[in-house]
S.K.: 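One structure, as structure tokens, below. Some questions next.
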Amino acid sequence: MNQFLIQSSVGKICVNIIGNEHLPELYFLHGGMGLGSDSLQPYFENLSNVFRCIFIDLPGCGNSENSIDSIYSFETFNIVIISVLENVSKNNTRGIFGHSLGGMIALNHLYRDWE
């Protein structure tokens with residue numbers, strides 16, 4: 001597993017990557033504030049033989065920075081996703097999975113991407 005921080009306009013975002021960079025990418029967003037991507041990793045890290053699994057800690061969760069200047073909104077979370085894509089994406093074959101709140105964030109991001 002490769003863990004690192006990405007600087008975004010809403011603070012430092014922790015990303016955990018498992019898998020080969022030549023595989024299709026699958027991004028994971030955890031549920032609920034206070035949880036982290038480690039709540040999803042045990043269930044999905046075995047997919048790393050077919051996907052490059054990218055687990056994102058949302059702002060203020062897991063190992064990501066809690067920026068008191070940021071307002072937690074779909075706009076903030078969209079900025080996070082875009083920052084991660086710009087910094088870690090190796091190809092254009094990607095998917096996104098979200099659990100609970102992460103699912104709503106993923107749908108909102110996809111909706112904005114289609115506009």
Side-chain angles (χ1 to χ4, degrees):
M1 177 171 48
N2 185 12
Q3 182 181 72
F4 56 95
L5 295 173
I6 292 172
Q7 182 63 50
S8 76
S9 62
V10 296
K12 293 179 182 169
I13 304 302
C14 183
V15 177
N16 295 300
I17 301 176
I18 305 170
N20 185 304
E21 67 181 37
H22 301 292
L23 294 172
E25 298 171 344
L26 186 53
Y27 291 80
F28 292 89
L29 299 171
H30 60 83
M33 298 307 290
L35 294 175
S37 64
D38 58 348
S39 65
L40 294 176
Q41 286 178 19
Y43 303 102
F44 295 104
E45 63 188 6
N46 61 342
L47 293 175
S48 63
N49 58 344
V50 290
F51 292 104
R52 182 174 183 236
C53 298
I54 301 164
F55 297 90
I56 303 170
D57 284 344
L58 295 171
C61 300
N63 293 317
S64 287
E65 186 175 72
N66 186 9
S67 175
I68 56 175
D69 295 333
S70 295
I71 297 172
Y72 296 115
S73 66
F74 285 119
E75 181 60 35
T76 298
F77 297 132
N78 199 49
I79 290 168
V80 167
I81 294 170
I82 291 169
S83 295
V84 171
L85 288 172
E86 288 174 348
N87 284 276
V88 305
S89 183
K90 298 293 183 188
N91 60 62
N92 288 324
T93 306
R94 65 177 72 104
I96 189 166
F97 171 88
H99 172 255
S100 190
L101 174 63
M104 291 189 294
I105 293 168
L107 287 172
N108 182 268
H109 171 72
L110 292 172
Y111 174 75
R112 289 169 186 255
D113 197 37
W114 287 338
E115 286 188 313

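FYI, side chains are in, hydrogens and waters are out, and symmetry mates aren't considered; it's all heavy atoms of this structure.
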S.K.: Answer yes or no: is there a donor N or O on one side and an acceptor on the other, between the side chain of H30 and the main chain of L58, under 3.5 Å?
M.R.: yes
S.K.: Go through the steps to decide whether F55 and D38 satisfy the test side-chain contact (heavy atoms from CB on, under 4.5 Å), and finish with yes or no.
M.R.: CA-CA 8 Å; F55 297 90; D38 58 348; over 6 Å; no
S.K.: For the pair E25 (side chain) and K90 (backbone), establish whether a donor and an acceptor sit closer than 3.5 Å, ignoring hydrogens and angles.
M.R.: yes
S.K.: Give the cluster check for V88 versus L5: same hydrophobic cluster or not, with ILVMFWY residues linked at side-chain heavy-atom distances below 4.5 Å.
M.R.: no
S.K.: Could you give me the CA-CA distance, side-chain angles and deciding distance for E75 and R112, then say whether side-chain contact (heavy atoms from CB on, under 4.5 Å) is met?
M.R.: CA-CA 10 Å; E75 181 60 35; R112 289 169 186 255; 2.5 Å; yes
S.K.: Answer with yes or no whether the hydrophobic clustering places I56 together with L26; edges join I, L, V, M, F, W, Y residues whose side-chain heavy atoms lie under 4.5 Å apart.
M.R.: no
S.K.: Using residues 40-48 as the side-chain source, report each donor-acceptor pair under 3.5 Å to any protein atom, sequence neighbours left out, with the distance given to one decimal.
M.R.:
unit_1: Q41; atom_1: NE2; unit_2: S37; atom_2: OG; d: 3.3
unit_1: S48; atom_1: OG; unit_2: E45; atom_2: O; d: 2.9

S.K.: Linking I/L/V/M/F/W/Y whenever their side-chain heavy atoms sit closer than 4.5 Å, directly or via other members, would Y27 and L23 fall into one cluster?
M.R.: no
S.K.: If every non-hydrogen atom of S8 is compared with every non-hydrogen atom of G11, which pair is closest and at what distance?
M.R.: OG-O, 2.8 Å
S.K.: Strictly distance-based, threshold 3.5 Å: is any side-chain N or O of S64 a donor or acceptor partner for the main-chain N or O of D57?
M.R.: yes
S.K.: Identify whether I13 and F74 are in the same connected component of the hydrophobic contact network (ILVMFWY, side-chain heavy atoms under 4.5 Å).
M.R.: yes
S.K.: I need the N63 CG to N16 CG distance, nearest 0.5 Å.
M.R.: 7.0 Å
S.K.: Assess the residue pair Y72 and V10 against the criterion (side-chain contact (heavy atoms from CB on, under 4.5 Å)); give the C-alpha distance rounded to whole Å, side-chain angles, the decisive distance to 0.1 Å, and a yes or no.
M.R.: CA-CA 9 Å; Y72 296 115; V10 296; over 6 Å; no
S.K.: Under the criterion side-chain contact (heavy atoms from CB on, under 4.5 Å), I'd like the reasoning laid out for I81 against I96: C-alpha separation, chi angles, the key distance, then a yes or no.
M.R.: CA-CA 10 Å; I81 294 170; I96 189 166; 4.2 Å; yes
S.K.: Hey, does the side chain of S89 reach the backbone of N91 with a donor-acceptor pair shorter than 3.5 angstrom?
M.R.: yes
S.K.: What about V50 and F97, same hydrophobic cluster or not, with Ile/Leu/Val/Met/Phe/Trp/Tyr joined at side-chain heavy-atom distances under 4.5 Å?
M.R.: yes
S.K.: Using 0.5 Å steps for rounding, measure from the NE2 atom of H109 to the CG atom of L29.
M.R.: 9.0 Å
